[in-house]
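These notes concern the structure reproduced below.
Reckoned from all heavy atoms, side chains included, excluding hydrogens, waters and symmetry mates. Just so it is clear: chains get the letters A, B, ... in the order the sequence lines come, proteins before strands, and each one is counted from 1.
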Amino acid sequence: MTPVRVEVPYAWPTGEAEARALQERLRPLADHRGPGPAAPRLVAGLDVAYAGDGRGTGDLVAAAVVVIDTATHDVVERATATAATAFPYVPGLFAFRELPALVAALRRLEAVPDLLLCDGHGRSHPRRFGLACHLGVLTGLPTAGVAKTPFTGRHDPAALGPDRGAHADLVDGGEVVGRALRTRAGVKPVYVSTGHLVDLPTACARVLELAPRHRLPETTRQADHLSREALRAATG
DNA sequence: GCGACAG
DNA sequence: ATCTTGTCGC
């Protein structure tokens, strides 16, 4: 009844030090080798909407997962879940704030996506274990992160052309942690990084395919709309 | 020590 | 993230 099996074999951290230690422990479990899904049929987008400040604990949040058929870009399934945040917003510990609600929504899905696209970073993270990596390890599914602003890593501005498809590596501490990708000519790029079971070129190719007209991929846009809709339904 | 800091 | 008016452009 629950195709997407999500294993959470550890106690959820309550403090920042504990959360960081957990990321360090789980980091080696993320597989950034590829190539990963070259022709996925089902790609899911995930996002979370907040009520109130959106920075503290106890805030109501609504998570959404939208599965898209890459052949037609049609939405084939949607799932949502609401919850109260159990962790404050701390850069670098973002996953501990959004994962509970996202996992709950994923468990309500009937189909098993071939790839999960998260709203946030994967490897381009201070400890190389952003939300996309964490969700990948928990689900065992290929994941990648698509962020609207950079976090860890910088790219040479001159190396990023103005055309759609142009890209430049995000480098941090001498290693490539992600890529700035232009999905639309003359528009700010999105920041793509691997999460689990997919390599960077493949992840970028999937993001570009899913963003033929807008800056953000359809998966992210659909999930964003659905999460807000779910929050309205839960609030008013 | 200071600034920066995904959503 | 969320709160918000008008405005420029496809």
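At whole-Å resolution of the value, CG in D119(A) and P in dA6(B) are 12 Å apart. Following rounding to the nearest Å, L231(A) (CG) and dC3(C) (P) show an atom-to-atom distance of 9 Å. Atom CZ in R20(A) sits about 12 Å away from atom C1' in dC5(B), given to the nearest Å. For the pair L102(A) CG and dA1(C) C1', the interatomic distance rounds to 14 Å; values are reported in whole Å. Spacing between atom CG of D224(A) and atom C1' of dT2(C) amounts to 12 Å, rounded to whole angstrom units. The distance from atom CZ of R127(A) to atom P of dA6(B) is 13 Å, rounded to the nearest whole Å. When the P atom of dG7(B) is taken as reference, atom CG of D59(A) falls 17 Å away, rounded to whole Å. When the P atom of dA6(B) is taken as reference, atom OH of Y191(A) falls 12 Å away, rounded to whole Å.
Residue R228(A) is the one, among R184(A) and R228(A), whose nearest nucleotide of DNA chain C lies closer to the 5' end (criterion: closest heavy atom).
Contacts of L93(A) with the nucleic acid, taken as non-hydrogen atoms under 4.0 Å apart, include base atoms. Among the heavy atoms of the strands, none lies under 4.0 Å from P126(A).
The OG atom of S227(A) lies 11.0 Å from the CZ atom of R78(A); values are rounded to the nearest 0.5 Å. Separating the CG atom in L46(A) from the CG atom in L99(A) is a distance of 10.0 Å, to the nearest 0.5 Å.
When the side-chain nitrogen and oxygen atoms of T149(A) are compared with OP1 and OP2 of dG7(B), one or more of them lie within a distance under 4.0 Å.
Results of the side-chain hydrogen bond (donor to acceptor under 3.5 Å, both in side chains) test with R128(A) over T194(A), T152(A), D172(A) single out D172(A) as the only residue that passes.
When side chains are defined from C-beta on, R97(A) counts as touching D59(A), because their heavy atoms get closer than 4.5 Å. At a threshold of 4.5 Å between non-hydrogen side-chain atoms, the residues V75(A) and L226(A) do not count as touching. For the pair H196(A)/L138(A), no side-chain contact is recorded, criterion being any heavy-atom separation below 4.5 Å from C-beta on. Considering only heavy atoms from C-beta on, K148(A) comes within 4.5 Å of R215(A) through its side chain.
Heavy-atom distances under 4.0 Å link DNA chain C to A49(A), Y50(A), G52(A), D53(A), R55(A) of residues 46-55 of chain A, given in residue order.
F151(A) qualifies as a stacking partner of the dA6(B) base, centre to centre under 5.5 Å and near-parallel within 30°.
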Read 5' to 3' with Watson-Crick or G-U pairs under 3.5 Å, [ ] for crossing pairs and | for partners on another strand, DNA chain B gives .......
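With H121(A) contributing its side chain and T149(A) its backbone, the two residues share a donor-acceptor pair below 3.5 Å.
The side-chain hydrogen bond (donor to acceptor under 3.5 Å, both in side chains) analysis of residues 40-54 of chain A, with sequence neighbours excluded, yields the pairs R41(A)-D69(A), Y50(A)-E98(A).
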